[in-house]
Amino acid sequence: MDSVPAVSFRGVRKSFGAVHALRGVSFNVAAGEAHALVGENGAGKSTLLKILSGSLRPDSGELCLDGRPIALARPRDALAHGIGIVHQEMLAFPDLTVTANIFAGRELTRGGLLREREMRDRTRSLLERLHIPVSPDDLAGSLSAAYRQLVQVARALAFECRILALDEPTTSLTDAEVDHLFRVLADLKSRGTTLIYVSHRLPEVFALCDRITVLRDGSHAGTFERAATRADAIVRAMVGRDLPPRVAAGSGPRPSDQPRLTVDRLTRRPCFEDVSLTIRPGEIVCLFGLVGSGRSELLETLFALHARDAGAVLIDGVECRFATPRDAARAGLALVPEDRQQQGLFFNLDLRHNLVLPRETARSSLVVRPRAERTAAQEMIRAWSIKTPGPDTFPDSLSGGNQQKVVAARWLAMQPRILLMDEPTKGVDVGAKFEIHEIIRRQAREGMACLIASSDLPEVLELAHRVVVMREGRIQGEIAGERADEESVMRLATAEPGAAA
Amino acid sequence: GGGSRDAATSGDSATKKLRFAVIPKSLDLPVFNYAKVGAERAAAELGNIEVIWRGSETADQLRQKEILESFITQRVDGIAISSLGGDFLNETINRAVDAGIPVVTWDSDAPNSKRIAYYGVDDRAAGRIMGEETVKMLDGKGQVALITSIGAVNLARRLEGVQEILAKHPGIKVVEVYDIKEDSIRCAEIIASGTNRYPDLKAWISVGGWPVFTRNALDAVDPARTKFIAFDTIPPAPELIKAGKVQLLIGQKYFGWGAESVRLLAGIKAGKMPSSPVVDSGVDVVTAANVDQYVEQWKKLERGEQP
Amino acid sequence: MTTSNLGTATELRNRPGPRNLRLSSAWRTRELSTLAILAVEILFFAWYLAPDGDRSHPFLNFPNALLILKYSSIYGIAAIGAAMVIISGGVDLSPGAVIALASVVLGGLFVESGWSLGSSVTMAILAGLAAGVVTSALVVLVGLPPFIATLGVMGIARGAAFIFTQARFFDVSGALPPGWQPFGIPLDWFAPGAMIGLAVLFQILMVRFQWGRAIYAVGGNETAARFSGVAVGAVKTSVYVLAALLSAIAGVVLAVVQGQGKADLAMGYELDIIASAVVGGASLSGGRGSVIGAVLGTLIFGVLRNALPQIPGATFYDRLIVGFVVIVIVVMDQLLVRRGAR
Amino acid sequence: MTTSNLGTATELRNRPGPRNLRLSSAWRTRELSTLAILAVEILFFAWYLAPDGDRSHPFLNFPNALLILKYSSIYGIAAIGAAMVIISGGVDLSPGAVIALASVVLGGLFVESGWSLGSSVTMAILAGLAAGVVTSALVVLVGLPPFIATLGVMGIARGAAFIFTQARFFDVSGALPPGWQPFGIPLDWFAPGAMIGLAVLFQILMVRFQWGRAIYAVGGNETAARFSGVAVGAVKTSVYVLAALLSAIAGVVLAVVQGQGKADLAMGYELDIIASAVVGGASLSGGRGSVIGAVLGTLIFGVLRNALPQIPGATFYDRLIVGFVVIVIVVMDQLLVRRGAR
Ligand SMILES: Nc1ncnc2c1ncn2[C@@H]1O[C@H](COP(=O)(O)OP(=O)(O)OP(=O)(O)O)[C@@H](O)[C@H]1O
Ligand SMILES: Nc1ncnc2c1ncn2[C@@H]1O[C@H](COP(=O)(O)OP(=O)(O)OP(=O)(O)O)[C@@H](O)[C@H]1O
Ligand SMILES: [Mg+2]
Ligand SMILES: [Mg+2]
């Protein structure tokens, strides 16, 4: 790159107590390019972007814009320099409208007076541009996870910025939404905006980015030209090894088996209606659908978190009406929730408690047994290779993906008979994703029935013995795993109701 | 409406019936309960009078003024009030009187207002009595600690009275004036820690009744070494004198507060003004010598007989 | 009060209700429900206290309405500030004490030291300012929880007032020329006027101006606000300082209209004031509520304080009734808002 | 929730302090710092109040220590409940009122209606239970914000006490046999004994029992707790009911030890009690704090209440001093905890 790089990191170091998040990272982002930033969970990607956004300051090293070193003391400075960031964790104002969320901190004003109408209009056009079917006056808190994430993106797009950095903006989006997003991003790029894109979804990376920088354990493991590299090379650079060849997907259920879980015309308006499906022991059923198609609500209802309007749930042929999630857990259900921050983690409790709490609750044990729990926690941390000093640390010091592992580990540790997972590998790196998939498969092989809601189509195709597609709260149809491909699944997911045979 | 029905129970006579509002300083001071009884009895005797007993739970001038004003807008036939905060109510009381609602004060006066009469003790004088009696008991020398609650004007006057006398006697040393903030638990705590702090304390003087409404507050005080002088004589205070824990109490005309106020108001409505605006109720100085008579007399009062 | 946002978020997921407590168009529904409750309350007492025969109505008359406004205004002016603090995600326990402090500073200087009314008022306001500066320093710089910071300031302000008065009180009414009218406004009209004026002013600032929006943002999600480039510290500072200033103004109004400066005035009003703000729709987890709502809340209590004494023999029932009503109102309100949602 | 927890996270990033205000091994450092402050306070007064000459030390002596414990125990017993409520993410304004209610119920039945002490105590406790049931119903079933629910219950309980006494008071001391000793414990030892016993009991329940951890979980992230199968409603109910019961016990202790049942007792103690819990490390945003810490907090204030009057002329200043000390202590505490973090 002979032209002056738009952004360049020079020997950036950052550590949190004992943890070295970044150990001297240096690389350039050329003006007007789309630059991908990939790496395992905890590699330091978000930390790097937080430094770029002025919300963290490096311990040493410097950050240059157009070759000139700058010091960003607070987020406002970054915004002033035309740096827009979409943070990995959602930073919504639940009590404010979508408009207010999008313009928060940078409202359009005339002498301090808000220009409401103008902001609402711009919001509407922005939402249309991204194909987000929500009203500018909706409360952010009332949106489903995916829409909230898209609103975060919209926030960054609301203002012309020279440099736009997105930290895993698509974790709860399906290809349809991703396509819309990418069209917008490509458009921005063509108009000279420099993009920095963090993701664990390599296909996306290859689709969007010109160059790919890999971080490993907080240091720069190389920058690759897209044209001149292939996915497995990137993976090798990330993980430091080749991923072992995938063991053949579990034989799947024996047709003779009785269904483990039977859902019969389950209804909860307005979220889903007349949902019927069966899962046999050892079967992995993936629930695919576009954003807001009702998958999360369905899983949460199965786990007795919401009341059902109608329908029945049978386990091993006997109808069950769980009053509380505890009852469900006792009966051998487990739900790995969609939003680890809201629905998963206790940030006031250390990892030990976070890892054992659901198990102990389900067992309704009386006393706390610190020693036993510590060993159990350490075991899970090891088994899931969660990047952390130990069970005494607190969740907010973990990287996004490691947080996700914590949430998944604590439920799988209970050896459930029926596993419900909502976006199980949201924000998880390729290595960890591989591990999680392996674990799911293994458990399945041992006779666990799995219902997995995912918006990650490749994941769905890879895992599923059977793909069930939902649309606007209704089951659109099923496709056997081996016959399922992107095209057929997407057609079901987007087809008009009734159109599906 | 329900309200009208309530009023209706007092029948068509309600039109003639006189409605007197009697307003204590607050509802949390037990002494005022006897004033309530007194007022209701007087009303019953005189007949054709409805007593509206109304105060704020705690001593809060603003609430009391608000209550007073609302009685003016209600156009009651007379108001008897134990006024918090000295001149605070003057302008309001004057407005009532100008509006043709006679106002008398009791227990705590508003001397600079147009109130027609005051019935109660002269607090400063009562304070002087406490002071003099203490001086006598200690024959003029020794450490003394005072207990008050800052804010209430009549307590301030009593304290002034006490201090005025004690100041005259160089032998007497006031080691501390404690503010117990109308909290009887706090009072007990102060007495205990104060006794602890000043081992050779000769006397406690409390210008309010907080310590004598329970036996336990004085546990820490050794009667042999320290005298206790307090205001108010409602039960169980006299018991404490009998038990030798308290040497002197100043009693007020608790029933009289209510009864006399109502009589005064009734008289005024009937057109006969009180002879003098200030009706000094006088105080009862209760000691071991006369405690038995006092208790007898009190029993009579409680039964509603004239002693 | 970050984590309390938890509360909020949960509500949002689980109940449809709060969804509609949104800013912009929707905040109106919010105040409407408070207004409706106030109306119901007034109608109830109008009916319940209806006089038999030709006696004039003891409750439903103009002087009485003015009376309610006059006495509510002390709470109301302070409640404006309390609402802003609560919306910003904090809580303020100091209003009662600051009111008293302002009243005694004014009284002391005006009555005893013979200062001009103008300069005494200025000093009283400055006393409030000082309290506000201390509070915001403790909250923003030292990072104390608002509850503790304001509890401390409450003690300091009240204590200062007592030390200042040495258990005396200042008869402002005596020192003011009889029939004196501030800015030519009759004294009885002054307090309500001040309250309504300030309420409208701050409502506009909160809803139509960037500064107000920033307060909602900070209260709703402080981290997000910081990441969005909101000057969180400055916003909080402004809020606590203004709240203290408003309390001081309430104290000045109290001293002038009620004619007295005394250290034990407005004792314990802080809870009533916070309650008014919440009854008016503010959420103690921050990010929700409105200034107008808070003022309406004080009126709801004002009507209660005024009407209850008119019910014969109710005096010992006051507290119970008020406590009961607080609950009933907030429940009713939730229902109304939900209805408004449909 | 995203918002709040991120909030926590950044707090953590900005200041290391709060990281340690948490359960797990860290809670120990937490109490240690409170203990340290208590020690510093005691040493200070021991030095400041050191008598000249050979007179015995007025502050540093056994009877005085017992005195402090005795009077702190009223706050302390209630503070145990307050701490649990705060840790669960709520707040309780009713303790003062429930204390008074219990004291008058006991007094009324025992003194006037001539019930046996045992049954009077039982009824007093039941009165507290009733208050707790109402509160938890309002918080859990109706979903009112705890501040409002408990404010309402505070009014109702205080009001009930006033109605019950009609402004009389009950001289329990007179009705008890002189020199009477509950369970053979000298009256002066009874209150402290009760406080310490209950504190230890509940500390163990909170830290070593699943139920206690559930309270921390609910306070930390209610949604996550629900997703983890925690019976959030049941946990909250148990907390509010127990808090009310503990207040009632405090009221019983008060009535027996102080020998009085009176409707205006413990007026306004709720703020002191909450302050004690916070000084003891509880965070009003929930999920953090400890029972022992709260009790230590009440002792810090107890020492202050005991020592200040011993400084001649200080009573007029004590409001100011207490307010000041609250702030100083919490600041000191933050520093200490941070030190502990390194
Ligand atoms: N506030 C913090 N305190 C302590 N450690 C932290 C903190 N934030 C991040 N870390 C640590 O720094 C390292 C890098 O974290 P970072 O969030 O940048 O990873 P990441 O590359 O974004 O991972 P992911 O893909 O999972 O988001 C991790 O080990 C994480 O545990
Ligand atoms: N908190 C909420 N409040 C209101 N409506 C919601 C909420 N969450 C989801 N919904 C709506 O309920 C329906 C189902 O949402 P759900 O989240 O279950 O869909 P999903 O398939 O899981 O999509 P997502 O990827 O958004 O999770 C959608 O219409 C969505 O808009
Ligand atoms: Mg990250
Ligand atoms: Mg979902």
Side-chain angles (χ1 to χ4, degrees), chain A residues 50 53-55 74-80 85-87 89-116 119-120 136-145 152 155-156 270 296-297 300 305-306 339 341-343 346-348, chain C residues 2-3 5-27 30 87 89 204-235 281-283 285-290 341:
Chain A
K50 288 197 185 114
S53 74
S55 47
R74 63 187 77 76
R76 260 187 303 170
D77 305 352
L79 296 170
I85 305 266
V86 178
H87 286 282
E89 302 306 347
M90 299 187 187
L91 294 170
F93 300 96
D95 303 315
L96 294 184
T97 63
V98 170
T99 308
N101 264 275
I102 284 177
F103 287 90
R106 296 174 291 175
E107 291 85 356
L108 308 179
T109 58
R110 193 180 296 102
L113 190 63
L114 293 171
R115 280 143 64 187
E116 292 281 6
M119 287 193 280
R120 191 174 294 111
D137 295 334
D138 282 347
L139 277 190
S142 74
L143 302 181
S144 69
Q152 295 304 308
R155 274 181 65 175
S296 299
E297 303 285 328
E300 288 168 15
L305 279 155
H306 309 303
D339 182 335
Q341 292 248 334
Q342 280 195 25
Q343 305 163 335
F346 302 99
F347 288 82
N348 62 320
Chain C
T2 354
T3 316
N5 291 337
L6 285 182
T8 322
T10 334
E11 282 165 30
L12 284 168
R13 267 197 94 65
N14 305 343
R15 302 197 224 95
R19 258 195 186 180
N20 302 61
L21 308 176
R22 74 181 55 150
L23 194 61
S24 88
S25 61
W27 64 262
R30 200 61 200 65
I87 292 168
I204 293 171
L205 284 172
M206 288 294 283
V207 179
R208 291 263 162 272
F209 280 78
Q210 184 169 24
W211 173 72
R213 174 65 53 85
I215 295 175
Y216 279 93
V218 170
N221 181 347
E222 189 170 332
T223 315
R226 191 173 292 109
F227 279 27
S228 316
V230 175
V232 174
V235 169
S283 146
S285 33
R288 271 190 262 154
S290 86

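Every chain is numbered from 1, with letters handed out A, B, ... down the list of sequences.
Closest non-hydrogen pair, A/Pro94 versus C/Gly220, comes out as CD-O, 4.1 Å. Minimum heavy-atom separation, A/Leu114 to C/Val207: CD1-O, 3.7 Å. The two residues C/Ala224 and A/Ala92 make their nearest non-hydrogen contact at CB-O, 4.3 Å. Pairing each heavy atom of C/Gln210 with each of A/Gly105, the nearest pair is NE2-O, 4.0 Å. The two residues A/Pro75 and C/Gly229 have their closest heavy-atom pair at CB-N, 4.4 Å.
In this structure, CZ on C/Phe227 lies 11.5 Å from CD on A/Gln152, to the nearest 0.5 angstrom.
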> Checking side-chain contact (heavy atoms from CB on, under 4.5 Å) for the pair A/Asp95/C/Arg288: CA distance, chi angles, key distance, verdict?
Replying inline: CA-CA 7 Å; A/Asp95 303 315; C/Arg288 271 190 262 154; 3.3 Å; yes

> Passes side chain to side chain donor-acceptor pair (under 3.5 Å), A/Arg76 versus C/Ser228? Steps please.
Replying inline: CA-CA 7 Å; A/Arg76 260 187 303 170; C/Ser228 316; over 6 Å; no

>> side-chain contact (heavy atoms from CB on, under 4.5 Å) for C/Arg208 and A/Glu116? Distances and angles first, verdict last.
In response: CA-CA 8 Å; C/Arg208 291 263 162 272; A/Glu116 292 281 6; 4.0 Å; yes

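Residues satisfying the side chain to side chain donor-acceptor pair (under 3.5 Å) criterion with A/Thr99, sequence neighbours excluded, are absent altogether. Checked against salt bridge (charged side-chain N to carboxylate O under 4.0 Å, His left out), A/Arg106 has no partners two or more places apart in sequence or in another chain.
Only the side chain of A/Thr109 comes within contact range of chain C, with heavy atoms under 4.5 Å apart. Only the side chain of A/Leu79 has a heavy atom closer than 4.5 Å to any heavy atom of chain C.
Remark: side-chain polar atoms of C/Asn221 are not paired, donor with acceptor, to backbone N or O of A/Phe93 under 3.5 angstrom.
Between chain C and the residues A/Arg110, A/Glu107, A/Arg115, the most heavy-atom pairs under 4.5 angstrom are made by A/Glu107.
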